[in-house]
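First the structure, in the form of structure tokens, and then the observations on it.
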Amino acid sequence: MSPAETSTSSAVTLNINGEKHTLPVDHRTTLLDALRERLDLTGTKKGCDQGQCGACTVLVDGRRAVSCLQLAVAAEGREITTIEGVAQGDRLHPVQQAFVELDGFQCGYCTPGQICSALAVLEEHAAGWPSAATEDVRPEAGPPPLTPEEIRERMSGNLCRCGAYVSIVQAVARAAAQTTDGAKEQVA
Amino acid sequence: MTTTAKPDAVGVARTRIEGRDKVTGAARYASEIPFTELAHGWLVLSTIARGRIRAIDDAAVRALPGVLTVLHHGNAPRIKDDVIGALGRPDPIVEVFQHDRVPHAGWPVALVVAGTSEQAREAAEALVVTYDEEPHDVSFDADKEGAYVPQDAETVKGDVEAELAASTVVLDAAYTTPEQHHSAMEPHAVTVRWDGGRLEVFDSNQGSKWVADDLANLFSLDLSAVRVRSEHVGGAFGSKGLRSHHVAAVMAATELQRPVRIALTRRQVFAITGYRSPTAQRVRLGADADGRLRAFAHENRSMTSTLREFVEGSAGFGRTMYDSVAHHSVDRVVPADVGTPTWMRAPGEAPGSFAVESAMDELAEKLGMDPIALRVRNEPTAGPISGLPFSSRNLLACFEEGARRFGWADRDPRPRVRREGNRLIGTGVAACTFPSGAAPSTASVTAEPDGTFTVRITAADVGTGARTALTVLAADALDTAPERVHVRIADSDFGAAWVAGGSMGTRSWGWAVMAAARDLREQLTLRGTEIPAAGVTVTTNTAELIAQLAQKERYAFGAQFAEVAVDVTTGEVRVTRLLGVFAAGRIVNPLTARSQLVGGMTWGLSMALHEEAVRDETFGSHVGADFAGYHFAANADVPVIEADWVPDEDPDDPVGIKGVGEIGIVGTAAAIANAVWHATGSRQRHLPIRPDRVLLAEADRAGHDA
């Protein structure tokens with residue numbers, strides 16, 4: 001047993017933004033605190049630490065998850081994407097670009113969580129997942145139109161106190177249109 | 001310096017300078033700056049609402065893994081208790097660990113510091129504190145003993161009772177608003193260290209010089225021995241001044257001689273960082289048959305703590321809004337065993353406008369008048385109480401433009417006539433106003449040898465876009481491109497400046513930056529073009545310039561329009577449309593100004609329908625102090641919100657900026673409540689307009705109809 005392996009701590013290897021990090025963690029350490037306090041990945045925010053605000057949203061194996069409700073030791077072997085891994089070098093992801101251009105934030109504290117959520121929303125929508133705002137939920141109906149109502153509903157796990165929802169919805173809609181156009185271009 | 005004419009940067013939509021940092025996670029907030037040897041502090045809050053601490057058994061906790069120290073009233077250093085800072089005496093809650101008294105639930109009784117946050121939290125939860133409990137009272141009743149009228153909280157003009165008696169139509173109605181919480185997404189946090197004899201504070205605040213000076217005075221330090229920085233702030237809304245965690249962190253960093261961070265939990269934020277007091281208001285209006293007001297009376301009651309007087313000055317709203325033959329307005333406060341309330345976005349105006357603008361709608365109904373026409377009829381030509389001229393007052397232009405866009409002319413004024421399935425549809429309107437002040441600030445501008453400029457000012461960008469606004473203001477004043485101007489803010493070393501509050505930030509800081517830029521240009525003209533390696537710096541303070549400002553009523557105004565759909569089977573109110581048209585002076589950056597206004601209106605929607613903090617009278621603390629128990633508007637609660645503005649110029653004002661941070665919330669809740677009346681025919685005078693309140697009103701109607 002290494003010094004890191006005690007009854008209260010373990011060594012874990014976390015795969016974050018395509019990079020592996022091995023570190024000893026207190027068993028009580030959440031994935032959120034491991035990112036922020038241990039790996040200096042402070043882009044993921046702590047707004048409530050109890051799964052109510054969405055500021056700590058990251059992608060775990062491609063799906064959005066609140067990292068405050070996940071223990072770091074339980075995240076071993078998962079592919080984790082944080083806000084720091086969203087842009088391609090200097091090139092912002094279309095979702096990030098749309099947030100900047102349409103002012104989809106003010107204080108910026110909920111923003112990384114909003115953006116990670118939005119990335120997952122686009123995937124979930126493309127995969128045909130319905131939401132509470134979806135009128136036709138039959139599997140054969142396919143993805144519903146990504147209306148403002150759909151975006152509002154799907155983005156409601158991420159609170160924004162500055163009141164930037166109106167432009168967040170616009171930003172997600174713009175990014176969705178761009179990524180869909182991009183996909184069409186690729187197909188053509 | 002370039003002399004070629006260039007287009008103004010002010011008035012052009014510009015994305016935030018720090019936008020890229022905020023969308024990539026690169027922007028570092030108060031608890032995100034790494035330090036070696038960092039220790040983590042965890043506050044322990046009282047579990048009783050009133051009494052004395054009998055004992056704190058810290059020995060067992062000190063033996064827990066990683067624990068470095070436990071601070072409490074038995075061992076903490078003494079600090080001064082008579083500090084008067086830039087914004088008055090700090091809330092006594094900052095004077096932590098000085099005595100054994102517990103004045104309210106959640107009072108900080110100890111700080112546990114450990115090597116990791118997990119260790120600190122475990123130890124804090126293990127700390128046994130015993131109390132001698134005393135009876136407490138957190139109630140907010142009108143007949144409660146000890147209610148009083150604070151200084152300067154009452155204005156009287158004429159004889160209201162006589163004018164009410166002489167009025168053709170009289171309205172007398174009571175309104176309440178509940179306790180509300182700022183709920184900035186970033187919980188309060190601070191990191192403190194001693195560095196070469198200087199106290200370095202990495203903070204999340206609305207004014208770094210304000211916090212620095214208060215800290216220096218509390219600890220009897222030279223003002224120059226404290227440096228506070230607050231580069232990025234994850235929302236503030238009035239709650240981010242000096243608080244108990246700052247003082248506790250300084251104590252711990254001093255004892256341990258290593259960096260200490262305290263990040264409050266969300267539950268602690270609810271308990272110890274202030275809130276908006278509940279209000280109980282009575283509005284009496286008397287009018288002639290043509291709608292002209294003869295009597296305007298507004299009484300407000302709010303709550304304060306036993307520690308410090310804070311007045312939620314709701315009765316101030318009417319003093320500049322409506323003229324009347326007789327006018328009376330008064331704020332009363334009721335002390336209770338609670339934490340001290342504080343400024344929260346549009347303090348006074350937000351709840352005050354709900355009452356007055358609802359009452360005006362009720363009066364219009366009684367008169368059989370259009371609610372906009374009633375406001376036009378009572379538009380004053382000078383300050384109703386002060387008699388001073390308005391610097392500019394373009395309220396009617398806001399109504400005109402708003403009515404045109406909203407389609408107000410096509411509205412059937414009768415209530416309860418539009419139905420779509422289970423939903424009743426209605427529209428409502430309200431006026432809004434917010435003061436436009438300026439406070440002395442210091443700015444310095446440096447001409448660098450490479451042709452760029454550096455601006456330094458202790459401003460704070462709490463999400464307002466201040467950094468970007470100051471950049472374009474400086475660029476225009478320097479007649480250069482914004483790309484050549486680097487604005488540095490939120491560092492107490494840059495000198496005294498107004499805080500991010502009172503919708504006065506951009507006006508106060510912008511004024512200082514423009515003044516310093518103008519002085520620098522003069523200097524450069526005298527010196528010629530050669531800039532030494534250290535650059536040429538000019539520092540300017542605006543105290544004298546502001547003192548020269550003519551005495552006028554300086555306010556922003558606006559008109560709020562709302563459409564709601566009320567489900568009569570569930571009682572749910574959905575806002576389906578909001579439009580706000582504002583007269584708010586010169587708009588520096590349309591992109592971020594619109595975000596501020598829409599953000600304020602979103603708050604107004606949230607205030608109208610959702611927000612309500614509830615205190616348990618038995619325990620004296622909040623019920624459900626989290627985002628499930630305290631719901632503020634989520635994305636799905638918010639419809640399309642449009643905000644726009646009309647020209648609003650004051651040729652006598654040297655800056656012309658009025659501020660847009662708060663006016664958006666003013667009047668919104670009244671417009672929504674008025675729309676609910678239009679939809680259902682029932683008045684909702686108590687916020688929030690919960691489903692149960694709507695259903696009770698429906699049941700009442702059914703009872704009357706039966």
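In the text below, chain A, chain B and the rest are named by the order of the sequence lines, each starting its count at 1.
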| field | Worked verdict on A/Gln106 versus B/Ser595 for side chain to side chain donor-acceptor pair (under 3.5 Å) | value | CA-CA 8 Å; A/Gln106 294 177 32; B/Ser595 291; 4.5 Å; no
Could you tell me which portion of [X] (side chain, backbone, both or neither) has an atom closer than 4.5 angstrom to a non-hydrogen atom of chain B?
{"X": "A/Ile115", "value": "side chain"}
{"X": "A/Asn158", "value": "neither"}
{"X": "A/Ile168", "value": "side chain"}
{"X": "A/Gln97", "value": "neither"}
{"X": "A/Asp103", "value": "both"}
{"X": "A/Val100", "value": "both"}

| field | Donor-acceptor side-chain pairing of A/Thr82 and A/Asn17 below 3.5 angstrom | value | yes
| query | Are B/Glu662 and B/Ser503 linked by a side-chain donor-acceptor pair shorter than 3.5 Å? | reply |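 Checked: B/Glu662/B/Ser503 side chains pair up, N/O donor to acceptor below 3.5 Å.
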| request: Please list, chain by chain and in numerical order, all residues satisfying side chain to side chain donor-acceptor pair (under 3.5 Å) with B/Asp637, sequence neighbours excluded. | output: B/His631
Please classify the contact of [X] with chain A as side chain, backbone, both or neither, using a heavy-atom distance under 4.5 Å.
{"X": "B/Val233", "answer": "backbone"}
{"X": "B/Ala628", "answer": "both"}
{"X": "B/Pro639", "answer": "backbone"}
{"X": "B/His40", "answer": "side chain"}
{"X": "B/Arg345", "answer": "side chain"}
{"X": "B/Val462", "answer": "backbone"}
{"X": "B/Thr265", "answer": "neither"}
{"X": "B/Thr592", "answer": "both"}

| query | Any idea which of B/Ala184, B/Ala633, B/Gly465, B/Ala27 has the most non-hydrogen atom pairs under 4.5 angstrom with chain A? | reply | B/Ala633
Taking the six-membered ring of [Y] (Phe, Tyr or Trp), confirm whether the NZ or CZ of [X] is under 6.0 Å from its centre and within 45° of its axis.
{"X": "B/Arg261", "Y": "B/Phe35", "answer": "no"}
{"X": "B/Arg28", "Y": "B/Phe202", "answer": "no"}
{"X": "A/Arg154", "Y": "A/Trp129", "answer": "no"}

| said: How long is the straight-line distance from CH2 of B/Trp42 back to CG of B/Leu264, given to the nearest 0.5 Å? | reply: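 Reported value, rounded in 0.5 Å steps: 9.5 Å.
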| field | Atom pair CG (B/Asn589) and OG1 (B/Thr471), whose distance is rounded to the nearest 0.5 Å | value |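 B/Asn589 CG to B/Thr471 OG1: 10.0 Å, rounded to 0.5 Å.
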| request: May I ask you to check whether B/Tyr275 and B/His181 place their ring centres under 6.0 Å from each other? | output: yes
| request: Could you tell me which residues in residues 42-50 of chain A have at least one non-hydrogen atom under 4.5 Å from a non-hydrogen atom of chain B, sorted by residue number? | output: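 When heavy atoms of chain B are the reference, residues 42-50 of chain A contributes A/Thr42, A/Gly43, A/Lys45, A/Lys46, A/Gly47, A/Cys48, A/Asp49, A/Gln50 within the under-4.5 Å range.
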| field | Sub-4.5 Å side-chain heavy-atom contact between A/Arg38 and A/Pro24 | value | yes
| said: Is the shortest side-chain heavy-atom distance between A/Arg28 and B/Arg121 below 4.5 Å? | reply: no
| query | Of all of A/Asp40, A/Thr111, A/Val169, which one pairs up most often with chain B through heavy atoms under 4.5 Å apart? | reply | A/Asp40
| field | Donor-acceptor contact present, side-chain B/Lys240 to main-chain B/Asp203, <3.5 Å | value |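 Pair absent, no side-chain N/O of B/Lys240 close to backbone of B/Asp203.
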| Donor-acceptor contact below 3.5 Å, side chain A/Glu76 vs main chain A/Thr13 |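 Pair found, side chain donor or acceptor close to backbone of A/Thr13.
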